[in-house]
Amino acid sequence: MSLVFFLLSLSLFISSSSSSASPYPYGGLSYHIDCGGPTDSVDPFNTAWLSDRFFTGGATSVVSEPLQFRHPQEKTLRYFPLSAGKKNCYIIPNLPSGRYYIRTFTVYDNYDGKSHSPSFDVSVEGTLVFSWRSPWPEDLARTGAYSDLFAFVSDSQADVCFYSIATDPPVIGSLQLIRVDPASYDAVSIGQNYILVNYGRFTCGSDQFGPGFSNDTDLFGRSWQNDKDVRSTDDDSTVRSLSTRNTIANTDHSPNYFPMKLYQTATLVDGKGLVYELQVDAKLDYLLWFHFAEIDSSVTKSGQRVFDILINGKNVNRIDIFKEVGNFAAYSWRYTVKNLSSTVLSVKLQSVAGAALISGLENYALVPADVATVPEQVVAMRALKDSLRIPDRMGWNGDPCAPTNWDAWEGVTCHLNKNETALVISRIDLGSQGLKGFISDQISLLSNLASLNLSSNSLGGTLPSGLGQKSLNKLDLSDNQFSGSIPQSLATSNLQLVLMNNNLLEGQVPEELYSIGVHGGSIDLYGNKGLCGVPSLPDCPLFWENGGLSKKGKIAIAVSCVFGFCLLLLVLYIICIRRRRNDYDFGLPQDLMSLAAKRNRYQRQKSLMLLEMESQHAKALTPFTPR
């Protein structure tokens with residue numbers, strides 16, 4: 001889908017205003033970012049502006065003629081040169097799911113001195129919403145423009161992304177995000193799969209008002225443009241304005257919180273009718289929102305003011321305000337226009353009784369939300385961005401695949417899933433990109449990845465076990481510094497081409513993986529000195545494979561441990577038995593004790609007899625001496 005953003009009228013968007021909003025009661029969540037602004041500030045309408053933040057890249061600058069802009073947030077800007085990548089984003093985090101009003105201020109004002117307004121696209125939540133094409137109208141390029149829309153955020157962060165056309169750097173002056181009632185603008189009927197892009201928001205009978213234009217409050221932050229530049233009348237019709245200071249009932253109420261000031265003025269036409277000609281993109285459908293209030297006190301009953309509404313010549317409704325709500329009360333009515341054949345949408349109020357009256361008119365393009373990448377694959381790609389250290393120049397920001405009008409992330413190929421309800425990653429080609437990180441284990445979430453090329457980089461670390469999806473048929477990791485073993489998961493994949501040459505891999509090569517070459521595929525493992533176990537590579541040690549113990553080694557160790565344990569038990573058993581036997585030496589039977597005592601006495605007597613015999617024999621040998 002291609003959507004060219006049409007600038008309805010410069011009086012709506014001219015940068016003589018800034019955007020602000022009173023705190024919105026539905027959660028009170030809002031961001032007002034001064035893109036390129038170095039400090040926080042507060043504008044004359046008491047809106048607190050944040051210094052520049054939440055951007056993925058780019059640089060800051062200042063408009064060439066700052067004195068022509070009223071407020072600081074209009075004088076600074078952020079631009080995204082090609083060195084920051086073709087796709088850059090503001091990513092506002094930590095948001096509760098719901099509907100948000102998003103407003104941007106875009107300005108060029110020859111900030112770069114090149115007198116060349118840039119061409120670029122803008123997406124919100126992965127859907128293309130605005131397209132800027134050079135050359136811009138002179139007044140627009142000099143003074144800038146505001147653009148706004150309503151979108152749902154369901155993933156806790158709002159992505160506002162910019163895509164460079166050719167070599168032009170996208171620009172943005174300010175960004176605002178305000179949480180609104182999720183049921184606003186008939187969301188229940190329309191659903192969350194549409195973005196409402198403002199193609200004209202008009203107040204009738206009053207000057208432009210709203211945050212940034214006046215001190216009048218609009219809780220959604222909407223600004224309202226005077227309708228004089230888009231209205232016309234039949235030849236004999238007279239247009240006049242009507243206003244009141246009376247309180248208007250049914251205003252500032254949920255879910256749309258339309259401001260009371262909108263209904264305190266009106267445009268009336270005396271004659272055949274009042275015509276609004278709205279510029280549109282014929283490829284889209286449109287939601288028209290009509291605002292009425294009977295503020296003429298002379299109308300006191302139904303039937304006094306009746307008129308028909310004609311859309312492109314077709315009578316679609318008859319309005320009697322007093323009949324619907326009485327006087328001094330707000331009444332709104334909506335209508336969806338489909339199947340346009342022209343870039344001009346005609347709205348006519350044709351009088352039936354009395355003068356036709358209208359207080360306001362809104363026109364929103366119903367832009368179908370583009371399909372987005374499967375959430376878990378977004379998680380995987382963001383993890384790879386970090387682990388592979390993807391350089392800024394590659395523009396890996398926002399959704400990897402959406403919008404479908406743009407190219408996917410550089411080096412990434414996407415396609416629709418089987419149900420055509422989401423986008424999936426099918427190919428990653430990042431060869432020779434100077435990458436120096438590692439492969440995140442989150443790559444296992446890329447369940448549709450068919451081809452992965454990370455060759456000729458300086459990647460290292462071990463290969464994650466999740467690498468080897470069933471969908472993977474081509475894998476090129478050659479000429480890197482990967483270490484460790486080849487994961488067994490690769491052996492169970494459907495690979496037909498495996499290039500892992502010139503790395504630091506080690507261990508046994510899974511036989512199933514090597515058999516790829518036997519079954520018509522191709523495999524190259526050259527230059528990994530530590531690999532073993534297949535033809536053309538050394539044999540692996542008996543008990544070693546894949547950089548660790550093999551199954552046989554583990555079994556052998558287990559058997560050895562069991563045997564050693566059993567042997568230890570046996571030794572302990574024997575020791576215990578012997579100790580039990582030795583215990584009886586300390587308690588001999590009485591008979592054995594008597595026998596031992598007799599034996600000891602016999603030995604002592606025998607020793608005494610021998611000593612006596614030896615003494616007598618010595619006396620017999622002594623010589624006789626006479627007296």
Side-chain angles (χ1 to χ4, degrees), residues 56-57 85 87 373-401 408-414 424-493 495 497-510 513 523-532 545-548:
T56 61
K87 183 179 181 181
T373 305
V374 174
E376 56 265 28
Q377 298 202 13
V378 175
V379 171
M381 293 302 290
R382 289 175 178 169
L384 284 175
K385 175 186 175 180
D386 293 336
S387 70
L388 297 176
R389 302 179 190 174
I390 300 296
D392 291 343
R393 59 177 170 77
M394 299 189 71
W396 277 35
N397 300 304
D399 189 300
C401 303
W409 285 0
E410 184 175 343
V412 177
T413 303
C414 308
V424 293
I425 312 295
S426 60
R427 180 186 178 97
I428 299 177
D429 187 354
L430 298 175
S432 303
Q433 294 293 337
L435 308 180
K436 297 182 179 180
F438 62 95
I439 300 177
S440 168
D441 57 6
Q442 297 292 310
I443 197 171
S444 62
L445 298 175
L446 300 180
S447 57
N448 304 92
L449 186 64
S451 176
L452 176 62
N453 176 19
L454 299 176
S455 63
S456 301
N457 288 292
S458 299
L459 299 172
T462 59
L463 301 181
S465 59
L467 182 62
Q469 300 87 331
K470 291 292 185 181
S471 59
L472 192 64
N473 56 59
K474 293 182 180 180
L475 178 64
D476 188 354
L477 304 179
S478 60
D479 298 301
N480 280 285
Q481 299 172 15
F482 292 114
S483 59
S485 61
I486 297 176
Q488 189 65 32
S489 58
L490 288 177
T492 60
S493 64
L495 285 165
L497 174 66
V498 178
L499 303 177
M500 294 185 178
N501 50 295
N502 299 321
N503 278 284
L504 304 174
L505 299 171
E506 59 183 3
Q508 184 170 2
V509 178
L513 180 65
I523 183 171
D524 187 352
L525 302 174
Y526 176 80
N528 294 277
K529 295 182 179 180
L531 291 179
C532 60
E545 68 178 5
N546 296 331

Trainee: Write out all pairs satisfying side chain to side chain donor-acceptor pair (under 3.5 Å) with one or both partners inside residues 461-474, taking only residues at least two apart or from two chains.
Mentor: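 Matches after skipping sequence neighbours: none remain.
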Trainee: Taking C-beta and beyond as the side chain, do Met500 and Leu463 meet within less than 4.5 Å on heavy atoms?
Mentor: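 Yes, side chains in contact.
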Trainee: About how many Å separate CG of Asp479 and CG of Leu499, when rounded to the nearest 0.5 Å?
Mentor: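 If I round to the nearest 0.5 Å, the distance is 9.5 Å.
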Trainee: To the nearest 0.5 Å, what is the distance between CD on Glu506 and SG on Cys532?
Mentor: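 Interatomic distance, Glu506 CD to Cys532 SG, rounded to 0.5 Å: 9.0 Å.
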Trainee: For side-chain contact (heavy atoms from CB on, under 4.5 Å), just list the numbers for Leu430 and Val412, CA-CA rounded to whole Å, side-chain angles, deciding distance to a tenth of an Å, and then say yes or no.
Mentor: CA-CA 8 Å; Leu430 298 175; Val412 177; 5.8 Å; no
Trainee: Would Asn480 and Asn503 count as a side chain to side chain donor-acceptor pair (under 3.5 Å) here? Give the steps.
Mentor: CA-CA 5 Å; Asn480 280 285; Asn503 278 284; 4.9 Å; no
Trainee: Table please: side-chain donor-acceptor pairs of residues 439-449 below 3.5 Å, with sequence neighbours left out.
Mentor:
from, atom 1, to, atom 2, distance (Å)
Ser440, OG, Gln442, N, 3.0
Ser444, OG, Asp441, O, 3.2
Asn448, OD1, Gln377, NE2, 2.8

Trainee: About how many Å separate CG of Asp476 and CG of Asn501, when rounded to the nearest 0.5 Å?
Mentor: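 Answer for the CG-CG pair, Asn501 versus Asp476, is 7.5 Å.
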Trainee: If you look at every heavy atom in Pro400 and Ile425, which pair is closest and at what distance?
Mentor: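 Here Pro400 and Ile425 meet closest at CB-CD1, 4.1 Å.
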Trainee: Quick check against the 3.5 Å criterion: does Asn457 have a side-chain atom that pairs as donor or acceptor with the backbone of Ser455?
Mentor: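 Yes; judged by distance alone, with no hydrogens or angles, the pair exists.
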Trainee: Any chance CZ of Arg427 has more than 12 other-residue heavy atoms, nucleotides or ligands included, within less than 6.0 Å?
Mentor: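 For Arg427, atom CZ is not crowded (no more than 12 foreign heavy atoms under 6.0 Å).
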Trainee: So, taking the atom named OG in Ser478 and the one named CG in Leu525, what distance separates them when rounded to the nearest 0.5 Å?
Mentor: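 These two atoms lie 11.0 Å from each other.
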Trainee: What pair of heavy atoms forms the shortest contact from Pro464 to Pro487, and how long is it?
Mentor: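 Between these two residues, the closest heavy atoms are O-CG, 3.8 Å.
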Trainee: Answer whether the closest heavy-atom distance between the side chains of Asp386 and Leu384 falls below 4.5 Å.
Mentor: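 The answer is no; the side chains never approach within 4.5 Å.
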Trainee: Taking Asn528's backbone N and O only, do any of them form a donor-acceptor pair with Asn502's side chain (distance below 3.5 Å, no angle check)?
Mentor: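 No, because the side chain of Asn502 does not come within donor-acceptor range (under 3.5 Å) of the backbone of Asn528.
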Trainee: Donor-acceptor pair, distance only, cut-off 3.5 Å: does the side chain of Thr373 make one with the backbone of Val424?
Mentor: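 No, Thr373 side chain to Val424 backbone: no donor-acceptor pair under 3.5 Å.
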Trainee: Using side-chain contact (heavy atoms from CB on, under 4.5 Å), reason through Leu495 and Leu490 one step at a time and then give a plain yes or no.
Mentor: CA-CA 8 Å; Leu495 285 165; Leu490 288 177; 3.9 Å; yes
Trainee: Which atom pair, heavy atoms only, marks the closest approach of Ser451 to Leu472?
Mentor: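 Heavy atoms only, the tightest pair is N-CD1, 3.9 Å.
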Trainee: Do any N or O atoms from the side chain of Ser426 and from the backbone of Thr413 form a donor-acceptor pair under 3.5 angstrom?
Mentor: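 Answer holds: yes.
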Trainee: Do Asp392 and Thr56 make a side-chain contact, defined as non-hydrogen atoms from C-beta onward lying under 4.5 Å apart?
Mentor: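 Not touching, per the 4.5 Å side-chain cut-off.
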Trainee: Keeping Trp409 on the side-chain end and Asn397 on the backbone end, is there a donor-acceptor pair under 3.5 Å?
Mentor: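 Yes; judged by distance alone, with no hydrogens or angles, the pair exists.
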Trainee: Evaluate Gln481 against Ser458 for side-chain contact (heavy atoms from CB on, under 4.5 Å), listing each step before the verdict.
Mentor: CA-CA 6 Å; Gln481 299 172 15; Ser458 299; 4.3 Å; yes
Trainee: Is there side-chain contact between Asn453 and Ile428, with at least one heavy-atom pair below 4.5 Å?
Mentor: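 No; the side chains remain at least 4.5 Å from each other.
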Trainee: How close do Lys385 and Trp396 get, counting heavy atoms only, and between which atoms?
Mentor: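 Minimum heavy-atom contact is NZ-O, 2.8 Å.
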Trainee: Is any side-chain heavy atom of Leu505 closer than 4.5 Å to a side-chain heavy atom of Ser483?
Mentor: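 Of all side-chain heavy-atom pairs linking Ser483 with Leu505, none is under 4.5 Å.
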Trainee: Before giving the answer on side chain to side chain donor-acceptor pair (under 3.5 Å), spell out for Arg389 and Gln433 the whole-Å C-alpha distance, their side-chain angles and the decisive distance to 0.1 Å.
Mentor: CA-CA 10 Å; Arg389 302 179 190 174; Gln433 294 293 337; over 6 Å; no
Trainee: Can you find a pair of side-chain heavy atoms, one from Leu497 and one from Ile523, that are under 4.5 Å apart?
Mentor: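 Not in contact.
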Trainee: Determine, stepwise, if the pair Phe482 / Leu504 fulfils side-chain contact (heavy atoms from CB on, under 4.5 Å).
Mentor: CA-CA 5 Å; Phe482 292 114; Leu504 304 174; over 6 Å; no
Trainee: Is a side-chain N or O of Lys87 found less than 3.5 angstrom from the main chain of Asp399, in a donor-acceptor match?
Mentor: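 At least one qualifying donor-acceptor pair exists.
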